[in-house]
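Below is one structure, written out as structure tokens; the observations come after it.
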Amino acid sequence: MRARSPIGDSGSERLKFPRRRDFLRLLGLAGTAGMAGCNFGGGQSGTGSTGGAPSGTRAVRGEWVEGAATDAESLLWIQVADAASAARVGTALDGAYAVTTDEEVFPLWLALATDDERVYECRVRDGLRWSDPYGEMTAEDWVYMIQNVFQAPDNWAGYTDQGSWQRNGEFIPVVKTGRRTFEIRLPDPDPAFPMRPILWGSFCLPKGLLERYVSDKDVEGLKRDREIQTLAYSGNLGPYTFERWNRESEFVATRNPDYYMHEAADVPETWRDAPYFQRYVFKVIPEESIRLSALQTTEITSTSIPPAKVTQYESLPSVQVQQAPQPFNLLLIYNQRANGWRPFRRRAVRRALSYVVNKEAIVDSILRGHAQVAHTFQPQWSDWYDDSQVEETGVGEQYDPQTARSRLADALPDRFGYDGGDLVGPTGQQVSLTLVYPVGTETTKTTVEYVAQAYGKVGIDVALEGVQFNTLLRKYAQNSYRGSGSPPWQTGPFNAGPRNAATSQEPWDMLYGIAFNTYPRTPTATRGFWERRGDTNFFGYYPEADLASLFDTAGTTTDDAVRQEALTEAFGVLSRDQPCNFVNFEESITGYQDEIAGFGPTDFGYGWDATTWYAAG
């Protein structure tokens, strides 16, 4: 049994944030260990290591050029859920606060404080300024945005994480208490609240800009707003300022001389001259081999390294390779909406197909051991993974194409059957499924080719369709309501309504290459993937079990044992239900120029201080 005591329980020493009476004391901890910033380049999982990194003098020099496989979707961060878009926005906007590898909460724009773990006071840092004419950032900006966008009942702006701002089906009360303070009043104590993806890393818009669109619910105007699409409102709120964005080519931001950290008295010295690059550039290079060549020739500063190339790049004196665990689950996603293969709605069909894909072969042969087999929506190192609850699939005796074929024949509707080696449908033709994947990564391409071969063993033809990642999000993952009248629900662009009436622009049957964040620190945040009305349930899964009640229990109880039981049961249900085929958790593997320094240990979440990284002179 792998289950352990939960992270962030009320007695934990690992989750650290101030009581109200300690608020000023925290802001006086300049220079102490555990202080943290944001990682605009690599997300919460980050990259980096102290091992082998140079240690020169910090000084502003050169530019950081990140080799990216795909471009951003939009800079209207309200409507984006992908890391590429968030990374671009994050160059100019720090966000609310950061979390260190020691799970310490450090204020960037906001500081949190609580006495009872139910009411959280949020204090806006002094000296934060929007660009003209919006003036100082205040609590009014935050409360207005939360109430009118994050908590808009009809979600008119298409906010992608509205579910996080609700408890028991009701919006969490948010109240302004001063010019720079507001309170979030939870219905029940929640000691892990700072770790949830609610305020952690959240951006903000100035009220003076946002209110132009609120009264008329003008989402199209919001999308077209030039200030939003160029981050022109960012003022002194981030390490860089927007310079230009050439779609599908490059995104360029320049060092912000007015960065608020330069005047901060409560941060280590390394922050006060940050950032240490004149420009931060995302250079879109779709072809993996060209990205890797650019890293070798120093045309780019960093890029991801495929597992098959780790040994080769570790031997290069000009490159340092850093590896770290990360929480993103790669899944084979089944489209259960009206424009997907309808039998995917049958639990028995999905379970039969779990015998088709050999996960160990993918991890060992394609990913060269730089991954871990997945069986449910938590990594096996998570505190919420319980062997006694999880049903393993795609390994050992649970990988058997003949068993899959037999079970599939029993699970499918009457008009399906086998004609020789082919699975045929109601028209008498072989079943052919479309598998969509993002281009630009060789391991992804090899994996989907393997999946196509594996499905062939049970008589299913698989047509592979490779597209750019942002195209995949826009045309295949996002969906729109196409029924009559108003939709029964509208939780955002990734779940616009019931699966029979809300579909994507392009039809698809399976999808591989989108990685879902499992939030192992606060796994109740994953409910949006698995509930019928979940804001990221773009694939139309309708659970037979009452997962909502399990997540409600886990999110509201103060009893650690009850929380543990509810979550391990929920992830056990998912392992048996197979809403998607949980395939693996790849390691984060990144190559950097050898001169890059300032890394911290390669623990989970270690990219929190990327703003202080530098080129050693």
Side-chain angles (χ1 to χ4, degrees), residues 68-73 81-85 247-248 284-291 304 306 328-345 349-350 353 356-357 362 366-367 422-425 427 429-480 482 493-496 499 502-516 536-541 579-584 586:
T70 186
D71 201 2
E73 173 68 17
D82 63 294
S85 297
R247 294 275 187 160
E248 304 300 336
V284 179
I285 309 174
E287 179 55 48
E288 183 174 77
S289 61
I290 299 177
R291 289 198 305 275
S304 59
F328 290 90
N329 187 192
L330 277 163
L331 318 91
L332 183 61
I333 303 167
Y334 305 131
N335 185 9
Q336 295 156 60
R337 292 187 179 271
N339 63 348
W341 192 45
R342 193 175 183 88
F344 280 141
R345 298 183 181 187
V349 169
R350 301 192 303 266
L353 289 171
V356 172
V357 177
I362 293 174
I366 300 176
L367 301 176
D422 294 342
L423 179 66
V424 298
T427 64
Q429 301 296 313
Q430 183 182 16
V431 171
S432 181
L433 304 180
T434 301
L435 171 52
V436 185
Y437 68 96
V439 297
T441 303
E442 191 62 34
T443 53
T444 297
K445 183 181 178 183
T446 305
T447 300
V448 296
E449 289 173 344
Y450 164 75
V451 170
Q453 294 174 359
Y455 271 59
K457 295 178 181 179
V458 293
I460 297 175
D461 174 66
V462 174
L464 300 179
E465 186 172 340
V467 298
Q468 293 292 333
F469 183 70
N470 52 354
T471 300
L472 186 150
L473 290 177
R474 185 173 63 256
K475 293 188 176 181
Y476 296 88
Q478 295 183 12
N479 52 73
S480 301
R482 306 177 194 281
F494 295 98
N495 190 352
R499 63 188 183 186
T503 56
S504 57
Q505 181 177 332
E506 298 289 341
W508 59 281
D509 299 306
M510 296 184 290
L511 189 154
Y512 183 84
I514 290 182
F516 290 176
T536 38
N537 184 1
F538 63 84
F539 42 96
Y541 164 59
C580 308
N581 188 336
F582 305 99
V583 181
N584 64 71
E586 292 186 18

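Predicted, not measured: the structure shown is a model, and the values here were computed from it.
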**Report entry** Step-by-step side-chain contact (heavy atoms from CB on, under 4.5 Å) determination, K445 to V439
**Finding:** CA-CA 7 Å; K445 183 181 178 183; V439 297; over 6 Å; no
Report task. Tell me, please, which residues at least two apart from F344 pass ring-ring contact (aromatic ring centres under 6.0 Å, His included). Result -> Y334, W341
Query raised in the report: Between the main-chain N or O of Q505 and the side-chain N or O of R474, is there a donor-acceptor pair closer than 3.5 Å?
Result: no
Query raised in the report: What are the two closest non-hydrogen atoms of A452 and L464, and how far apart are they?
Result: CB-CD2, 4.3 Å
Report task. Report the relative orientation of the aromatic rings in F516 and F538; use parallel for angles under 30°, tilted for 30 to 60°, perpendicular for over 60°. Result -> perpendicular
Report task. Identify the two heavy atoms, one from T444 and one from P438, that lie closest to each other, and give their separation to 0.1 Å. Result -> CG2-O, 3.9 Å
Report summary line: To the nearest 0.5 Å, atom OH of Y512 lies from atom CG of L435 at 10.0 Å
Query raised in the report: Hey, is the main chain of Y476 close enough, under 3.5 Å, to the side chain of W508 for a donor-acceptor pair?
Result: yes
Report summary line: For A84 and T70 the tightest heavy-atom approach is CB-CG2, 4.2 Å
Query raised in the report: Are the side chain of S85 and the backbone N or O of E73 linked by a donor-acceptor pair below 3.5 Å?
Result: yes
Report summary line: CD1 of I333 to CG of N581, rounded to nearest 0.5 Å, is 11.0 Å
Query raised in the report: Is the backbone N or O of G456 less than 3.5 Å from a side-chain atom of D461, with the two atoms forming a donor-acceptor pair by type?
Result: no
Query raised in the report: Between the side chains of E248 and N470, does any donor sit under 3.5 Å from an acceptor?
Result: yes
Query raised in the report: Taking Q430 as the fixed residue, which of I460, L423, D422 is the one that meets the side chain to side chain contact (heavy atoms under 4.5 Å, CB included) rule?
Result: D422
Query raised in the report: How about F539 and N537: do any of their side-chain heavy atoms sit closer than 4.5 Å?
Result: yes
Query raised in the report: Distance-only, no hydrogens or angles: does the N479 side chain make a donor-acceptor pair with backbone N or O of A502 under 3.5 Å?
Result: no
Report task. Just jot down the ring-ring contact (aromatic ring centres under 6.0 Å, His included) partners of Y541, sequence neighbours excluded, or say none. Result -> none
Query raised in the report: Do Y437 and L472 pass the side-chain contact (heavy atoms from CB on, under 4.5 Å) test, and can you show the C-alpha distance, the side-chain angles, and the key distance before you say yes or no?
Result: CA-CA 8 Å; Y437 68 96; L472 186 150; 5.5 Å; no
**Report entry** Value rounded to 0.5 Å, distance of CG in L332 from OG1 in T447
**Finding:** 10.5 Å
Query raised in the report: R337 side chain to T503 main-chain N or O, any donor-acceptor pair under 3.5 Å?
Result: no
Requested in this report: Tell me, with the steps shown, if V462 and V451 meet side-chain contact (heavy atoms from CB on, under 4.5 Å).
Outcome: CA-CA 8 Å; V462 174; V451 170; 5.6 Å; no
Query raised in the report: Just how far is it from atom CG of N339 to atom CZ of R482, taken to the nearest 0.5 Å?
Result: 8.0 Å
Query raised in the report: If every non-hydrogen atom of V431 is compared with every non-hydrogen atom of V424, which pair is closest and at what distance?
Result: CG2-C, 4.1 Å
Requested in this report: Verify side-chain contact (heavy atoms from CB on, under 4.5 Å) between N335 and D509, making sure each step is shown before the conclusion.
Outcome: CA-CA 5 Å; N335 185 9; D509 299 306; 5.5 Å; no
Query raised in the report: Can you tell me how far CD of E586 sits from CG of L330, rounded to the nearest 0.5 angstrom?
Result: 5.0 Å
Requested in this report: Ignoring hydrogens and angles, tell me if any N or O in the side chain of R350 forms a donor-acceptor pair with the backbone of C580 under 3.5 Å.
Outcome: no
Query raised in the report: Between Q336 (side chain) and P579 (backbone), is there a donor-acceptor pair under 3.5 Å?
Result: yes
Report task. Ignoring hydrogens and angles, tell me if any N or O in the side chain of S504 forms a donor-acceptor pair with the backbone of E506 under 3.5 Å. Result -> yes
Requested in this report: Can you measure from CD (E465) to OG1 (T434) and round to the nearest 0.5 angstrom?
Outcome: 6.5 Å
Requested in this report: Would you name the heavy atoms of I514 and L473 that are closest together and state the gap between them?
Outcome: CD1-CD2, 4.0 Å
